[in-house]
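For reference, the structure discussed in these notes is given below.
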Amino acid sequence: MIERVIKGIPAAPGVAIGKVLVLDGEDFRVNKRKLDDKSLSQEIKRFRGALLKTKKEILEIKQKISAEMGLEHGEIFSAHILVLEDTMLIDDVIGKIKNEKINAEYIFLEVLKKYIRTFAKLDDEYIRERLSDISDVGKRILRNLLGTTSHALSNLKEEVIVISGDLSPSDTATMHRKNVIGFATDIGGRTSHTAIMAKSLEIPAVVGLETITREVEPGDVIIIDGSNGEVIIRPEKETIKKYESLKLKFKKFESNLTKFKHLPCQTIDGRRVVLAANIELPEEATSAVTHGAEGIGLFRTEYFYMNRKDLPTEEEQFHAYKTVAQKMVSHPVIIRTLDLGGDKFLSQLEIPHEMNPYLGWRAIRFCLARQDVFKVQLRAILRASAYGNLKMMYPMISGVEELIQANQVLESVKEELKKEKISFNKDIEVGAMIEIPSAALTSNILAREVDFFSIGTNDLIQYALAVDRANEKIAYLYEPAHPAVLKLIKTIIDNAHEAGIWVGMCGEMAGDIILTVLLLGLGLDEFSTSPIILPEVKRIIRSMEYFKAKKIAVKALSLSTAKEVENLAKKSLEDLKIKV
Ligand code: PEP
Ligand code: MG
């Protein structure tokens, strides 16, 4: 058999080499039995019993996961309970048992398959996300009807790499963590539950491989390269050797990081900058700390609103924000208020379809129009501010009136809390994300209304250069080092400093290590990026002199093209003998 490499989406970094455990093709042997009229009510009772048993099991898992991994992970199972309480599905099954006089498991499996087929065809992300919940719960109900026990994951005797169509939340919940050394799945994206779980468990994983379940046989040896999103099936001896050493390197790199993490992020000549992490889930704060983050520079909050039918409650958000604030001890945690729209859609908030969603009713524009939704989040943030060093910022500010209005809503929420005698930090720092050229160009005016800026380069670049950030056909035009982008960044930083406020960057550009020297030289005070990139940024900053970085930035601002700027930046790294 020849070695084969399959490319997927990197979900959690690291290397794993081992035997596979294929979870797909769970083969339920369901026989068809004809029932007589007398046994119909008994059969319906049996079906209801299985539903009840399944609900009990799921509630137990929910409790266990909430306690072990945090409330947000536990919340995933609320969606499962919803499936169990779906009257349409239940009535469909009961109706068919009565009419067709066939046994419950056979009818249930038929109905389940029909649901899955119909849902799979729908062009709605929320519904497609629900598919895995439906099939996960469906399998449990079937197991309970058939009286079989749950599959292999709950009782692993040796180390395995789990291969599955999708790894359901209840699969991950019941598995024996010690023995699962890697995941690979057919479906899923970077933010699928599987990927999120793998990241927080720090297990190397690749998702979105499309055909992996069909390509491997039980017992095959495979390699998971979670950093590059590759899986190598039936590797040659040489390949295994190569990856063994990569695995060691990765481990060494990781442990070197721990040694490095206490050193300050400071240039040779004493310019101190703050290194912070971008996170989407409270659990990621742990990884931020181990990678040396001195705070959370961007806590995206859209995740709370995704994959569900209802809106997140104040209580739920309060707990999540509080958890992160406490985890980061006295370090700052910047919570970004809801930034829905663009490529982040939330199905529970019937947002009309728009021609230009990136330029549409999104982020702060939405929040100011739907203050009922906005205020719930502001209350949660303010309440959590009593438990740590919380700050907050608004996304997509386009001008000062919008910013003043947002601050007025915040003040009204503060008044409410005061009246209710609920404690919060009255002087909570408030920032504006600068990610629209109009905000960059009027940042001298905006600076009077806030305590800090955070530059959102992902959007700033797309709006400044008129390049859709998600369109791969024009990706070559998406140039962070474009002279126009540099000029905007310089304007923002200079205006902020003149007004006496600090300025960070939380767009991906802050983690583009070729450009670190440039951003440092432009005077950026805080770099916020994925935890895993932080040590590299720190290494560069610690090898540099600020006065030299400033000179490089001045030179860069005089250049005509992104290519020239990049070459200058690369050369400065070579001069420092830094390989990137
Ligand atoms: C940005 O636009 O740079 C940013 C950090 O926000 P998001 O990527 O969430 O739009
Ligand atoms: Mg943005």
Side-chain angles (χ1 to χ4, degrees), residues 189-191 196 274-281 284 288 293 295-306 332-346 351 354 356-367 377 391-399 402-403 406 431-440 443 446 452-471 475 478-482 484-486 488-489 492-493 496 503-512 515-516 519 522 524-531 533-534 537:
R190 259 170 235 273
T191 55
I196 290 161
V274 172
L275 264 198
N278 293 354
I279 63 166
E280 289 181 44
L281 289 174
E284 288 173 278
I296 303 297
L298 167 64
F299 183 177
R300 288 186 169 96
T301 56
E302 295 74 45
Y303 180 76
F304 296 112
Y305 297 76
M306 284 157 115
V333 173
I334 304 175
I335 300 184
R336 176 179 69 186
T337 60
L338 178 60
D339 183 15
L340 112 141
D343 59 350
K344 306 172 198 114
F345 293 107
L346 309 175
I351 309 287
E354 296 180 331
N356 287 307
Y358 278 119
L359 306 181
W361 194 45
R362 55 171 298 199
I364 196 68
R365 302 164 183 186
F366 169 85
C367 285
Q377 181 173 40
K391 304 177 199 287
M392 52 172 280
M393 63 183 178
Y394 311 116
M396 294 289 294
I397 292 290
S398 64
E402 219 169 22
L403 186 51
M433 280 192 75
I434 306 294
E435 45 186 350
I436 301 181
S438 61
S443 46
L446 299 178
F452 65 91
F453 286 153
S454 187
I455 309 176
T457 50
N458 304 345
D459 280 316
L460 185 63
I461 297 167
Q462 89 162 341
Y463 297 132
L465 306 180
V467 179
D468 183 335
R469 64 192 254 191
N471 186 336
Y478 191 92
E479 293 177 316
H482 192 292
V485 176
L486 296 194
L488 287 172
I489 294 174
I492 302 165
I493 296 176
V503 48
M505 178 179 287
C506 62
E508 292 304 299
M509 188 174 174
D512 186 342
L515 302 178
T516 305
L519 296 175
L522 285 170
L524 196 67
D525 301 297
E526 178 230 40
F527 291 67
S528 190
T529 185
S530 314
I533 301 170
L534 292 176
V537 177

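Atoms within a ligand are numbered from 1 in the order they appear, just like the ligands themselves. Atom set for the values below is all heavy atoms of this structure, side chains included, hydrogens, waters and symmetry mates excluded.
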Just jot down the ligand 1 atoms closer than 4.0 angstrom to any heavy atom of [X], in number order.
| X | value |
| --- | --- |
| R469 | 2 (O), 7 (P), 8 (O), 10 (O) |
| D339 | 9 (O), 10 (O) |
| R336 | 4 (C), 6 (O), 7 (P), 9 (O) |
| C506 | 5 (C) |
| L298 | 5 (C) |

Options N278, N458, L460, I434, ranked by nearest heavy atom to atom 1 (C) of ligand 1, top entry: N458
Residue-ligand contact E302/ligand 1, heavy atom below 4.0 Å: no
N/O/S atom name from D459 that is nearest to the position of the Mg ion (ligand 2): OD2
Of the N, O or S atoms in E435, the one nearest the Mg ion (ligand 2): OE1
For ligand 1, is any non-hydrogen atom under 4.0 Å from [X]'s backbone (N, CA, C, O), its side chain (CB onward), both, or neither?
| X | value |
| --- | --- |
| E280 | neither |
| I455 | neither |
| R300 | side chain |

Which residues share a side chain to side chain donor-acceptor pair (under 3.5 Å) with Q462, sequence neighbours left out: D459
Partner set under side chain to side chain donor-acceptor pair (under 3.5 Å) for T337, not counting sequence neighbours: none
Quick check against the 3.5 Å criterion: does [X] have a side-chain atom that pairs as donor or acceptor with the backbone of [Y]?
| X | Y | result |
| --- | --- | --- |
| E354 | W361 | yes |
| S454 | M433 | no |
| D525 | V503 | yes |
| Q377 | L338 | yes |
| D339 | M396 | no |

Shortest non-hydrogen contact between V537 and A510, atoms and distance: CG2-O, 4.1 Å
Gap separating the CD1 atom of I489 from the CD1 atom of I461, nearest 0.5 angstrom: 7.0 Å
Heteroatom proximity flag, D459 to ligand 1, N/O under 3.5 Å: yes
